[in-house]
Trainee: 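One structure follows; several queries about it will come next.
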Number of protein chains: 2
Amino acid sequence: MPEPNAQFLLSLLLSLLVHLLSSSLPSTCHPPPRFLTPHRRSFPRPTLRQPFSRYKYDTRYFDQDLDHFSFSDAGKYSQRYLVGDEHWVGAQRRGPIFVYCGNEGDIEWFADNTGFVWEIAPLFGAMVVFPEHRYYGVSMPYGSREGAYRDATTLSFLTAEQALADFAVLITHLKSNLSAEASPVVLFGGSYGGMLAAWMRLKYPHIAIGALSSSAPILQFEDIVPPETFYDIVSNGFKRESTSCFETIKKSWEALIEEGRKENGLQKLTKMFCLCRELKNVDDLVDWLSSAYSYLAMVNYPYPSSFLMPLPGHPIREVCKRIDGCANGTSILERIFEGVSVYYNFTGDVECFKLDDDPHGMDGWNWQACTEMVMPMSTSEDTSMFPPSEYDLSSFEEWCSSLFKVKPRSTWVTTEFGGHDIVATLKKFGSNIIFANGLLDPWSGGGVLQNISDSVVALITEEGAHHIDLRAATDEDPDWLIEQRQTEVNLIKKWLDDYNQARVGAVSVM
Amino acid sequence: MPEPNAQFLLSLLLSLLVHLLSSSLPSTCHPPPRFLTPHRRSFPRPTLRQPFSRYKYDTRYFDQDLDHFSFSDAGKYSQRYLVGDEHWVGAQRRGPIFVYCGNEGDIEWFADNTGFVWEIAPLFGAMVVFPEHRYYGVSMPYGSREGAYRDATTLSFLTAEQALADFAVLITHLKSNLSAEASPVVLFGGSYGGMLAAWMRLKYPHIAIGALSSSAPILQFEDIVPPETFYDIVSNGFKRESTSCFETIKKSWEALIEEGRKENGLQKLTKMFCLCRELKNVDDLVDWLSSAYSYLAMVNYPYPSSFLMPLPGHPIREVCKRIDGCANGTSILERIFEGVSVYYNFTGDVECFKLDDDPHGMDGWNWQACTEMVMPMSTSEDTSMFPPSEYDLSSFEEWCSSLFKVKPRSTWVTTEFGGHDIVATLKKFGSNIIFANGLLDPWSGGGVLQNISDSVVALITEEGAHHIDLRAATDEDPDWLIEQRQTEVNLIKKWLDDYNQARVGAVSVM
C-alpha cells in the first residue's frame, strides 16, 4: 500500500481542525472577539485531486438540488462522491452500504483518514460510499469556490439540513440505480461528520439503519454543557501529565503580556518565538499558542501520528517534558516556546513561523458557525490554564455580521435536532446509534457520554482522543482501541442481523 | 354555546376538502389532465375573522423566519396562532400543551372543527394551541395573499418541512416564554394536518412526545399503495349500500357522454342538471359528479352533519336510495341528478348549480401537490364506478408547469419522510403515534392500517369516515366512536404518564 502524501494530508487535517476550532475558541473581552484562524504556514492549499489514495474507489458526481426545502429556482450543483464496491456482495444478498457523512473538508481526505470503514467493509460484504459535503472539496455550487463563497446569498444553502438531505437523496438514488432498495445503510462520521451521522439516523431512519457517531459534540450548544468544558478538558490533559506544566502555561499569559508591554517587547517576542514577521499584537501569539494546546489535546494519540502535524505518541507528555525539563536558566516564555515547538515543529524543519496570514478568510466552517453551529465557549480562571474569557453572543454576532453580513440563529440547532433533555427524549425513541468519545478529546465534553437505551449507546474510552476509532488500524494500537473497534463491529453486526431477521419470511412489510 | 356560522364553516370545509382532492382526482387520457377545482357556488370566500367561535381562545401572532433551511434574506412573516389556556395547570405542574398541526386552511376553522382537542384538554389540564399553516388563513408571507401567491418565487417557501419547522420554533418559543420547558407537547392533526402531526413526532421527538394522526394518508405516495385505492374505496362505499346504485353510477358516464354527443345534448344536460350556465363540456359535469361521490365517501358520517355540506346521516345510503328508488319511468341521468342532489342541495335551497368558476385558481394545495405532495391516483375499470383513468406523471408535470412554472419532486416526500417499508423501519424506531383511520374514508387507503410497535399503533374503525374522531362529541355518536375516542384518551394519558414518570426523581437527565 503506498504511503499517503503526508504533506498534503497535513494541510487538509490542519485546515479541518482549525475550521472546527476557529469559531469556538473563547472570545476575549475586547470586541470584536478574536477567533483562531487557519495557521497555514508552509502547507499548500488542498488541490482538487489527491495524487494517490491508500484505498480503492471510483470518483463520481451527482446533480443535487441546491435547495431541498424550498422551490425557488436555486438550481443544481454537482456533488462528488467516492464509491468502493470491490467487497460488496450485491443487491440480491442485501449487501450493506456503509456511508461516511462527509464533513467540512475534501472528501478524499476523509476517505483516506477513515481507515476503519474501509477495513471493516470486507467483513460485511459492504459497499463504501463517501459523499462530499456541499461547499467543501470540489462540491461547489455556483461553479467554483469563488462563486460559492462570494457572499451570504451564495453561501445561504450551506447548512447541515441541506447536507443531510443531499445524503438522503444521493443514497436513495444510488440504491434505486442498483436495484438495492433492500440493502441496509449504515452511517459513519467523525467530529462534525459524527454529528451529521447521528442526526441523519434520527431524522432519516428510513434511509439508514444505524450510525456510528464518533467524537460528535451534539450537546455543545446553548447551555446544555457548561461553556468552559472544552478548555477545561484541554487543561486537564496537560495537568494529568504534569501539574507544573499546567501551572507554567497558566502563568505564561501574564508573562507574555508583560513582555509585550516592554519597550522592544514585541520585537523580542518575535525573535524568541521565531516568527517570520514581526509580531504586532500579543493576542496573535496568545491565539497561536492556545490553538496548539487545543489541537494537541485533540490529537493526543498514544502512538506517533501525522493526523494534524507530525507528532510523537502522547504528544502532550512530550510538550510537558520540554516545558518542565529546561527549568534551570530559561525563562517561562522560552520553555513555552520549547513546548509548543513539539506541535509546530516536531520535525525541526521549520525556519520561522507564520502566525496567520488570513485572519478573516471566508471559510466554510466560519459560515456554519455564524449561522447554525453556534457553540458557546469560555474559559474559567479557576479550572483552566487559558486566559479567562466569557462567552459573549452579541460580540459573536457582530463578528459574524462583519464577516458575512449574517445573523447567527443561536437556538436553531437544538430546535431542529434536539439536545436538551436528550436522555429522556431518546430513551423510548430512536435506536442504533453509537456515540463514541475519547475522554482526552476536548470535544468529548459536548458528546453523549451515557447510554440512552439498549441500542443508543455511549462508547467511552478513557485514553482516546478525537475519533481515533475511525482511523486505520496500526501495529501500535493499544488494547482498549482494538476492543473499542471490536465493540463497534459487533454492534453494527447486530443492527444488520436485526434488519435481515425482520425481513426473513416477511410476506409483506406494508 | 353559540352555534357556529354554518354558512362560513361550509365554505371553509368545502374549500379545504376540495383542495385536498383537487390535485388527486384521476387525470383522463386527454392532456392536460383535469383536476377537480373548488365548487364555490353560493358560498362566500373565507373572511379574515370568524364572527364567533364555540371555543375560547386568544389570537396571537409570531414572527417566523420564512426560510428555516437557508440563510438567504427571505425575511420574516407573521404566523397566527390560537391559544386556549383556561384549563392549563401551569408550568410548575408540567401542564401539557396540546398542539393541533394546522393544515391547508384557516386555523380558526380547524379550531372550531376539532372539538375533540378542546373537549379533552380539561381532563389533562392542558393548554390548547392551534398554529396556522404558513400561506393559509392570514399567515401570509409578503404581506398579503396576493403577495404570497404571486408566483413560484413567492410560493417557494410553502412546503411541509418549513411548516413543521414553524411549529417547532413556535412551540420552543412559547414554552420558553412560559418557563414551561418541562411541559410535554402532544400533537394532533387530521388529513394533511395528521400527516404533519405524524411527521413532526418522527422528526422532532424532542419537541413533542406523541401524535394523534387522524386520517393521514402518509403512504399515498409513489407506489406504496396501488393508485386506484382511493377511488376503489369511494366505489365500495356505494356498493356496500346498493349494488344497483354502484352499477347505475358506473353506467351513467357512458350515458352522459352519449347524451352530450347528441344534437342539443349539452343544452338538455344543462337543463336536466339545473346548471346556471350552459354546459360546454361533458367533462365538467363528470368532474362535478365525481367529486360529489368522493366527498360523500369522506363525510359518510353516521349522523347528520354539516362538515362539507348539510347532509343527512349515512349520506351515501340516502344518495343510493334516490338513485335506486325512482327506477320506473326515469332515465339513468335523471336518477343520477336526484342522487347527487343529496350532496349539492340537501336543503333544497339551490336554484341552479355552478360547476366551477375558477378552474385554475392558484390555491395553496395545488402548489403543494405540484411540488411535494405528489399522490398518484387512477381509477380501475374493474373495481371502481368511475370512468377509467391512468395516472400519468408527465401530464401532471405539464399541468404544474402551466399553473406555477414548477416541477414536482415526485420522490421527495418518501425521501424526506419515509413511507416505503414503514413497518420494518419504525418497528424499532419511534414511539407514541396513533394512526387513526375510518375505513369508509377513501383517504384511509393511504393510511397506516396496522400496528407497527407497542406505541406506534393503528386505530381502525370500520364505520368511520374522514377524521370523525377529531370532531366534537354529539348525542348521536355511535358506540364505536365513543370507544375510539376513549382509546385515544387512554393512549395519550399513557404517553404523559411515561413522560412524567421518567422525570420523577431524575437527578439529572444529562
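Here is the naming used below: chain letters follow the sequence lines, and residue numbers restart at 1 for every chain.
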Trainee: For T414(A), is it the side chain, the backbone, both or neither that has a heavy atom under 4.5 Å from a heavy atom of chain B?
Mentor: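 Just its backbone gets close to chain B.
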Trainee: Between S213(A) and A197(A) (side chain of the first, backbone of the second, donor and acceptor by atom type, cut-off under 3.5 Å), is there such a pair?
Mentor: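 Looks like no, no N/O pair under 3.5 Å.
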Trainee: Verify the neighbour count for atom CG of N177(B): are there more than 12 heavy atoms of other residues, nucleotides or ligands below 6.0 Å?
Mentor: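 It does: N177(B) CG has more than 12 such atoms within range.
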Trainee: Using side chain to side chain contact (heavy atoms under 4.5 Å, CB included), reason through L170(A) and Q79(A) one step at a time and then give a plain yes or no.
Mentor: CA-CA 9 Å; L170(A) 175 65; Q79(A) 178 177 30; 4.1 Å; yes
Trainee: With chain A, which of A74(B), A182(B), P205(B), S176(B) has the greatest number of heavy-atom pairs at distances under 4.5 Å?
Mentor: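 Going by pairs under 4.5 Å, I would pick P205(B).
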Trainee: What part of D65(B) gets closer than 4.5 Å to chain A, counting heavy atoms only: side chain, backbone, both or neither?
Mentor: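 Interface part for D65(B): side chain.
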Trainee: Which region of K407(A), side chain (C-beta onward) or backbone (N, CA, C, O), has a non-hydrogen atom less than 4.5 Å from a non-hydrogen atom of chain B, or is it both or neither?
Mentor: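 For K407(A), backbone heavy atoms alone lie under 4.5 Å from chain B.
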Trainee: Which of residues 157-167 of chain A get closer than 4.5 angstrom to chain B, counting heavy atoms alone?
Mentor: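 Residues in range: F157(A), T159(A), E161(A), Q162(A), A165(A).
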Trainee: Identify which of D67(B), T153(B), I171(B) forms the greatest number of heavy-atom pairs closer than 4.5 Å to chain A.
Mentor: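 Of D67(B), T153(B), I171(B), D67(B) has the most heavy-atom pairs under 4.5 Å with chain A.
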Trainee: Please look at T172(A) and chain B and tell me whether the side chain, the backbone, both or neither of the residue comes under 4.5 angstrom of a heavy atom of that chain.
Mentor: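 The answer is the side chain of T172(A).
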Trainee: Should the ring pair H68(B) and W412(A) be called parallel, tilted or perpendicular, given that the plane angle runs from 0 to 90° and is split at 30 and 60?
Mentor: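 Taking W412(A) first and then H68(B), their aromatic rings lie parallel (interplane angle under 30°).
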Trainee: Could you tell me whether a side-chain N or O of N366(A) sits under 3.5 Å from a main-chain N or O of A369(A), the two making a donor and an acceptor?
Mentor: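 No, N366(A) side chain to A369(A) backbone: no donor-acceptor pair under 3.5 Å.
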Trainee: For the side chain of N437(A) and the backbone of G447(A), is there at least one donor-acceptor N/O pair under 3.5 Å apart?
Mentor: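 Pair absent, no side-chain N/O of N437(A) close to backbone of G447(A).
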Trainee: Any donor-acceptor pair under 3.5 Å linking the side chain of W367(A) with the backbone of L155(A)?
Mentor: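 Between the backbone of L155(A) and the side chain of W367(A) there is a qualifying donor-acceptor contact (under 3.5 Å).
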Trainee: Heavy atoms only, distances under 4.5 angstrom: which of D73(B), T154(B), L202(B) has the most pairs with chain A? Name it, please.
Mentor: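 Winner by heavy-atom pair count: L202(B).
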Trainee: Side chain, backbone, both or neither: which part of V406(A) has a heavy atom under 4.5 Å from chain B?
Mentor: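 Answer is side chain: those atoms of V406(A) sit under 4.5 Å from chain B.
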Trainee: Kindly indicate whether the side chain of S431(A), heavy atoms from C-beta on, has any atom under 4.5 Å from the side chain of R201(A).
Mentor: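 The answer is yes, as the side chains (C-beta and beyond) meet within the 4.5 Å cut-off.
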Trainee: Do the charged groups of E416(A) and K203(A) touch, with an N to O distance under 4.0 Å?
Mentor: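 Yes, charged N to carboxylate O under 4.0 Å.
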Trainee: Are any of the side-chain heavy atoms of F429(A) and I209(B) separated by less than 4.5 Å?
Mentor: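 No - every pair of side-chain heavy atoms lies 4.5 Å or more apart.
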Trainee: With only heavy atoms counted, which part of E181(A) is less than 4.5 Å from chain B, the side chain, the backbone, both or neither?
Mentor: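 Neither; nothing under 4.5 Å.
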Trainee: So which of S72(A), G430(A), S455(A) has the largest heavy-atom pair count under 4.5 angstrom toward chain B?
Mentor: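 Heavy-atom pairs under 4.5 Å are most numerous for G430(A).
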Trainee: Look at V225(B), T415(B), N432(B), V169(B) and state which one has the largest set of heavy-atom pairs under 4.5 Å with chain A.
Mentor: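 Going by pairs under 4.5 Å, I would pick T415(B).
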Trainee: Once you round to the nearest 0.5 Å, how far does CD1 of I218(B) lie from CD1 of I422(B)?
Mentor: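 Taking CD1 in I218(B) and CD1 in I422(B), the distance rounds to 4.0 Å.
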Trainee: Counting C-beta onward and ignoring hydrogens, is there a side-chain heavy-atom pair between F417(A) and M195(A) closer than 4.5 Å?
Mentor: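 No, their side chains stay 4.5 Å or more apart.
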Trainee: Below 4.5 Å from any heavy atom of chain B, which atoms of D498(A) appear? Answer side chain, backbone, both or neither.
Mentor: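 Side chain only.
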